[in-house]
Amino acid sequence: MHPREQTIFALSSGRPPSAISIVRVSGPQAGTALISLAGKIPVPRMATRVLLRDGNQQPIDDAVILWFPGPASATGEDVAEFHVHGGRAVVAALFAALSAFAYTRAAEPGEFTRRAFENGKLDLTEAEGLDDLIHADTDRQRRQALRLLKGLLGDRARNWRVRLIEASALIEAGIDFADEGDVPQELIAPAVAKIKTLLGEIQEVLAAQGRSERLREGLVVAIAGPPNVGKSTLMNALARREVAIVSPHAGTTRDVIEVQLDLDGYPVTVIDTAGIRETDDPVEQEGVRRARARAADADLVLWLVDAQHEMDAQQGAAPLWVVRNKVDLDMVRPERAGRRIDAAGQPAAALEQAGGSADFTISASRGDGIQQVIAALVVFAQDYFGSDEGGLIGRERQRKLLQETAGSLQRSIRTLGEAEELAAEDLRSAAYALGRLLGRVDVEDVLDVIFRQFCIGK
């Protein structure tokens with residue numbers, strides 16, 4: 001029997017011990033399992049209390065069961081749910097009883113969602129949204145994932161594909177009636193109007209998103225600079241806990257230390273790197289090498305210096321902010337600590353583009369200016385990710401396929417009126433790209449990658 005025709009089961013709730021554990025069963029043997037273990041199949045979608053018994057009629061647990069006959073279920077197949085007490089022994093006994101049924105096995109990661117996708121219960125963008133929702137750490141990640149799960153991108157893509165096929169049919173008809181005088185132009189003109197409208201809508205979605213697909217991984221901010229300027233102290237101040245060793249001795253940080261922050265709903269990974277300097281210590285040399293590499297890959301670099309350790313910032317591709325630490329030791333008035341202010345009284349970093357620079361004066365140990373740095377990071381994240389309200393793109397795969405669609409539409413517009421056959425081929429390519437976005441054509445190569453990232457039981 002093919003694996004997709006087998007019945008699968010898995011724990012769909014949190015790891016035991018817990019108050020309640022939910023075990024989900026999907027496939028042709030789900031009803032048989034209910035009859036054998038519970039003695040009956042309950043009314044669909046109605047919770048029913050029963051005493052579960054194994055194949056030897058030994059009691060397993062006093063449980064609640066639910067029955068969702070296919071295709072009106074989450075996976076499109078017959079689905080049974082067992083709500084049992086969340087002890088390890090209870091769950092293990094239920095798993096053992098389910099394993100005894102023919103063609104019934106434990107589910108692989110993401111297999112429930114993959115069956116839902118294959119049975120037309122959700123498209124690939126919705127499946128990706130579900131995965132993102134499961135792994136969301138911040139509120140903005142949650143909201144973006146929920147938009148995908150609700151099918152907002154998929155619905156737009158389906159509508160675009162239908163209209164694209166209609167335009168393509170007009171072009172194809174124009175080619176077929178090429179000998180009928182003015183008939184081709186009568187067909188091509190409305191096709192061009194449809195294509196231009198479609199192109200405008202897709203380009204609008206692409207332009208409005210910023211780097212919204214990066215919201216899944218978050219913004220990477222590297223704290224870099226010479227040794228002993230307070231990089232680890234700044235890391236701890238941003239994290240509001242001790243995550244890095246603080247020492248007056250230079251070269252304490254030998255490796256890259258990372259901490260994940262939630263700044264106004266934006267996921268931010270802050271990296272504390274080894275102090276950049278020339279050294280004969282081979283371990284510290286490796287730390288410096290890693291620091292340079294990590295800073296080069298960051299989205300933003302905070303270059304930390306103080307009055308005793310000035311060093312020219314090593315500007316790379318990422319924007320760089322100079323942060324002057326130890327304001328308390330420099331005897332600078334505390335009220336001056338914080339962000340550079342422009343002539344209009346506005347925070348300079350908020351007014352500059354993503355590629356610009358900013359200058360801060362702080363005391364990492366005392367906390368002066370830290371809130372201003374955090375506020376600037378929030379502004380930078382807003383500019384970097386773009387407006388997330390109503391955003392549709394959640395993954396790089398989705399953006400690339402929409403860009404591919406837009407490129408094909410642009411080529412078709414340029415060639416219409418000169419080479420209708422080439423324009424028709426470009427339209428077929430655009431429809432194909434939208435089909436791949438939805439997961440309905442030639443995506444077998446990406447399905448395994450996407451679904452194996454899910455947790456077991458989803």
Against L377, only a single residue in D264, V221, V268 fulfils side-chain contact (heavy atoms from CB on, under 4.5 Å); can you say which?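 So the option named by the test is V221.
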From L304, I223, I271, L302, residue fulfilling side-chain contact (heavy atoms from CB on, under 4.5 Å) relative to M235:
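One option only clears the test, and that one is I223.
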Which atom names give the shortest non-hydrogen contact between [X] and [Y], and what distance separates them?
X	Y	value
P44	P69	CB-CD, 3.7 Å
L148	T125	CB-O, 3.8 Å
R163	T197	NH2-CG2, 3.6 Å
L300	P319	CD1-O, 3.4 Å
A376	F360	CB-CZ, 3.6 Å
L133	A145	N-CB, 3.4 Å

Side chain to side chain donor-acceptor pair (under 3.5 Å) against [X], all qualifying residues, sequence neighbours excluded:
X	answer
R142	D139
S408	R411
D61	H85

For [Y], does its backbone N or O pair with a side-chain atom of [X] as donor and acceptor, under 3.5 Å?
X	Y	result
K326	V305	no
S168	L164	no
R161	A431	yes
R397	L437	yes
N325	V229	yes
Q6	Y103	no
S412	L409	yes
Q398	G394	yes

Could you give the distance from [atom1] ([X]) to [atom2] ([Y]), rounded to the nearest 0.5 Å?
X	Y	atom1	atom2	result
L215	D132	CG	CG	9.0 Å
E126	F117	CD	CZ	10.5 Å
L219	D299	CG	CG	5.0 Å
D155	D123	CG	CG	7.5 Å
Q260	T269	CD	OG1	4.0 Å

Classify the ring geometry between F380 and W321 as parallel (under 30°), tilted (30 to 60°) or perpendicular (over 60°).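 Rings of F380 and W321: perpendicular, as their planes differ by over 60°.
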| request: Examine R24 relative to F112 and say whether NZ or CZ is less than 6.0 Å from the centre of the six-membered ring and inside a 45° cone about the ring axis. | output: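 That pair qualifies as a cation-pi contact.
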For this session: Apply side-chain contact (heavy atoms from CB on, under 4.5 Å) to L206 and I393, showing your working.
Result: CA-CA 8 Å; L206 286 168; I393 298 174; 3.9 Å; yes
Pair E77-S26, side chain to side chain donor-acceptor pair (under 3.5 Å): steps then yes or no | CA-CA 6 Å; E77 305 173 329; S26 180; 2.6 Å; yes
Qualifying residue, where the test is side chain to side chain donor-acceptor pair (under 3.5 Å) with E118 and the options are K121, R115, R114: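 Between E118 and the candidates, side chain to side chain donor-acceptor pair (under 3.5 Å) is satisfied uniquely by R114.
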